[in-house]
There are 4 protein chains.
Amino acid sequence: MVEKRKRDSASDAKPVGKKRDAERTRLVIIQAAREEFAENGYDGARTDRIAVRTGMSKGVLYHYFNSKDDLFVAVLEDIYLELRSQNEALVLDDFEPEAGIRELIAHTYNYFVNHPEFIVLVNSENLMKSQHLERSQSVRSMFAPLSHRLGELISRGQEQGIFRANVDIIELYISIVGLGYFFLSNRWTLSVVFNRDLLAEGAEEKRLAHMTELVLDYLRNVKPMDGLK
Amino acid sequence: MVEKRKRDSASDAKPVGKKRDAERTRLVIIQAAREEFAENGYDGARTDRIAVRTGMSKGVLYHYFNSKDDLFVAVLEDIYLELRSQNEALVLDDFEPEAGIRELIAHTYNYFVNHPEFIVLVNSENLMKSQHLERSQSVRSMFAPLSHRLGELISRGQEQGIFRANVDIIELYISIVGLGYFFLSNRWTLSVVFNRDLLAEGAEEKRLAHMTELVLDYLRNVKPMDGLK
Amino acid sequence: MVEKRKRDSASDAKPVGKKRDAERTRLVIIQAAREEFAENGYDGARTDRIAVRTGMSKGVLYHYFNSKDDLFVAVLEDIYLELRSQNEALVLDDFEPEAGIRELIAHTYNYFVNHPEFIVLVNSENLMKSQHLERSQSVRSMFAPLSHRLGELISRGQEQGIFRANVDIIELYISIVGLGYFFLSNRWTLSVVFNRDLLAEGAEEKRLAHMTELVLDYLRNVKPMDGLK
Amino acid sequence: MVEKRKRDSASDAKPVGKKRDAERTRLVIIQAAREEFAENGYDGARTDRIAVRTGMSKGVLYHYFNSKDDLFVAVLEDIYLELRSQNEALVLDDFEPEAGIRELIAHTYNYFVNHPEFIVLVNSENLMKSQHLERSQSVRSMFAPLSHRLGELISRGQEQGIFRANVDIIELYISIVGLGYFFLSNRWTLSVVFNRDLLAEGAEEKRLAHMTELVLDYLRNVKPMDGLK
DNA sequence: CATGAATGAGCGTTCATTCAT
DNA sequence: TATGAATGAACGCTCATTCAT
């Protein structure tokens, strides 16, 4: 279920027909940088180590990217693009409403499980108040299509009378993401303060089951008045 | 609703007279360090700036704490202690089950809203896989009492027939925390990818309403079979 | 044969009839400083550690001595005084010339063996070109009496026809000291470059035998012409 | 008689063209470090000042050497290599035994006279119990060849009946080295305690004459029994 | 007198970035 | 274009010394 990183990057969806060595090099650098940033956060990452990971000299980094900041922007764009392309592989239209929600929750969660870098990268960026993403064109509104499709799924459920009314799609989607993201992101401190090993075998699956139930019970909660409003 | 930092720190619950300057200085340093770590994360924080914030020389930091790491441990302990003492102010026993849950959700969420440092500090610590908290004695199992009280609240609701069965208290509590924490922590990147200003007026309250409903609908979801199991 | 350090210091030869606490404190500090300087050299020594060794606060050091430099002067004076008082215990007049030389060599060498601090302290001071000793009154010409007595011993040997003529007393005394001092001071590097463990059991005694023979063979080397010159 | 440092270092025996700047820079750093360590000892040396001496920035030191310790190792290796290569220039086989000894004594002594850094460097290293040299491969047993050649010289002298029997080569060599080394190393304190200016004109030559006589008289001291043993 | 908190210059080291080759 | 030597500001930390209590 987990795809290998090297082949997974959103960037290499681009046509590499002609041997564009420059393009390949860019990708190698982004991969190396992703790993380094993911293991250490933005401030903890070292350009030297990124260079070592690429197997190339440090000057190359600065030839392709002007600065550590620019490189971080590229890494963020790359991983967000990857997440979106994974999301697009999920065609919610094929599912019944409830099954569709289950799929969406599991799909989203599994991406985080399989790409722990995403969480570190995004947390780092939030620490810096999104100053890099703000400069990116390709990421803005990136999740609009997905939330639109989620809206359609909810609508279908509502029409079928199995989903409640008054659902704020974005709040819902943030909940779907957050219930898993927070757990995966904060496992280490949570394990300490609750004295329960959340890194243990089975903990991830247990979380997924709980959050799926939580969200679906919320959605299925059709009140008698709903139809009349 | 937000209390000022200076009076809010868990540490100064102790009677701080004028006698022992040392004790006072320790608190001043922890406060200064909390601010610096909160604004920049662990790696981004600078001991020089912490010293400037204290109004004292840099050497004094090392007179009280042996290293930046030790200081970070002290800051984490202080803020977790503060959170716990705030939690203890909330006597859930006084509430009907549903109202109790509402209180807990709001109380927890408001602490994060009023103490944005908490989120940055804890995210930083998770980036480092809890290596500092691991060394702390005072934080381990710190949230056991609270999850115990939450369990009692749920039990009361179940006895009254208004709450569902089969609730994993810790999973539930992580959801209660995570639904707010994730939103507050990730507002900046979420605002970009959803193209909705989550830092705008009203967004925080909206979030609280949504997550309260989500959790309560889950808990109230009494299935016919529940009583029979 | 080795006396304990604490009772051995030259300083406490002074009359401690009245309970002069100040004087006692001075000695305690000098002892502590001697140990610290001896283990780490001047630059490597830490005033904090000296204070810890005394069991008193750092301020005390600066009350009795104005600076690390002044304290080092006091330590040097103390240990040179100690060496001299040990030398004075050796009454060369009681010995036949050859036995006297043997005694002097062994006595001097054994002091170094039993007081390895002396070597580190003196090497440190030479690294700094004697800038501290230069300020000391009590040490200047301190070894004049001893070299005078050595001269008398040599004269007696010459009169008895068993010692050679033309002996420069100070050169000879420097040789007597240096043959042992150099070995003891440089054992660590010598062990490496010669690949022979000079810190092993027996190495010290072997050295003493060698250097005694060296010096005595030199002195006994009476040439036929000596008497005629 | 004293060669200038720049041409004298053991390291630049290698052909240093203009091609590899790196090699050149390494040597420049080692030279600068040698001077700084020699003037101040290990603890007294400052990496800032070493950088200033190289005319380059401080970071460059760490580009070539990982730490002050590693740099000190390199300096020690360099100067020991230099001493050995000087020693190898002395072909003892060409000399009659006694002349050979004279040459060896003078050669060794003159190296110290012309390279006062050697003494400070080695004293510093002994203060630290040879912890740097221990890590060096190139220095271990470095003086084995020389002591072997000294042994052959002594043997020839013994065969000719002009040198005594029972000579421990390493003890002898340590004496030859130590008689000069100690004088040169400790001139400053010795001048104070003997009240004789050992830094004055002529003092060095006088020392050499004395120590040569001392060693030769020891070696020449053929006892009647020697041949019979 | 004695304490130990506080100072501040300075230490060994790091690191994003530049630039000669 | 690619390399890696070089830069220099800044980092975490130290330490001899001072000073209020």
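So you know, we letter chains A, B, ... as the sequences are listed, proteins then strands, and number each from 1. When reading the values below, keep in mind they use all heavy atoms of this one structure, side chains included, and skip hydrogens, waters and symmetry mates.
Using a 4.0 Å heavy-atom distance criterion, C:A51 is classed as making no nucleic acid contact. Across all strands shown, C:Y64 has heavy atoms under 4.0 Å from sugar-phosphate atoms exclusively, and none from any base.
Atom CG in A:D43 sits about 17 Å away from atom P in E:dT14, given to the nearest Å. The interatomic distance linking B:F65 (CZ) with E:dA5 (C1') rounds to 14 Å, in whole Å. Atom CG of A:N40 is separated from atom C1' of E:dC15 by 14 Å (rounded to the nearest Å). Across the protein-nucleic acid pair, D:F72 atom CZ and E:dG12 atom C1' stand 16 Å apart, rounded to whole Å. Rounded to an integer number of Å, the gap from B:M56 CE to E:dG4 P is 18 Å. In this structure, the CG atom of B:L71 is 13 Å from the C1' atom of F:dC13, given to the nearest Å. In this structure, A:N66 atom CG and E:dT17 atom P are separated by 10 Å, rounded to whole Å. When rounded to the nearest whole Å, the span between CD1 of D:I50 and P of E:dC11 equals 12 Å.
In this structure a side-chain-to-backbone donor-acceptor pair under 3.5 Å is present from A:E125 to A:L133.
Taking 4.0 angstrom as the limit, B:T47 places none of its side-chain polar atoms (N or O) nearer than this to OP1 or OP2 of F:dC11. Within the structure, every side-chain polar atom (N or O) of D:Y62 is placed at least 4.0 Å from both OP1 and OP2 of E:dT14.
Taking 4.5 Å as the limit, some side-chain heavy atom of A:Y62 sits within range of a side-chain heavy atom of A:T47.
By the 30° and 60° cut-offs, the orientation of the rings of C:Y42 relative to C:H132 is tilted.
Taking CG of C:L127 as the start and CG of D:L121 as the end, the distance is 10.5 Å to the nearest 0.5 Å.
Place A:D69 and C:V60 on DNA chain E by their nearest nucleotides, and C:V60 ends up nearer the 5' end. Between D:S57 and C:G59, the residue anchored closer to the 5' end of DNA chain F is D:S57, taking for each the nucleotide with the nearest heavy atom.
F:dT17 is paired with E:dA6 under the Watson-Crick or G-U wobble criterion, all donor-acceptor distances under 3.5 Å.
Distances from the side chain of C:D48 to the nucleotides E:dA16, F:dT7, F:dA16 place F:dA16 closest. When distances run from any side-chain atom of B:H63 to the nucleotides E:dA6, F:dA16, F:dT7, the shortest one goes to E:dA6. The side chain of B:R46 has F:dG12 as its nearest neighbour among F:dG12, F:dA5, F:dT7. Considering only side-chain atoms of D:K68, the nucleotide from F:dG12, E:dA2, E:dG12 that sits closest is E:dG12.
The ring of C:F118 has its center closer than 6.0 angstrom to the ring center of C:Y80.
Checked by distance alone, C:K58 brings no side-chain donor or acceptor within 3.5 Å of a matching partner on the base of E:dT3.
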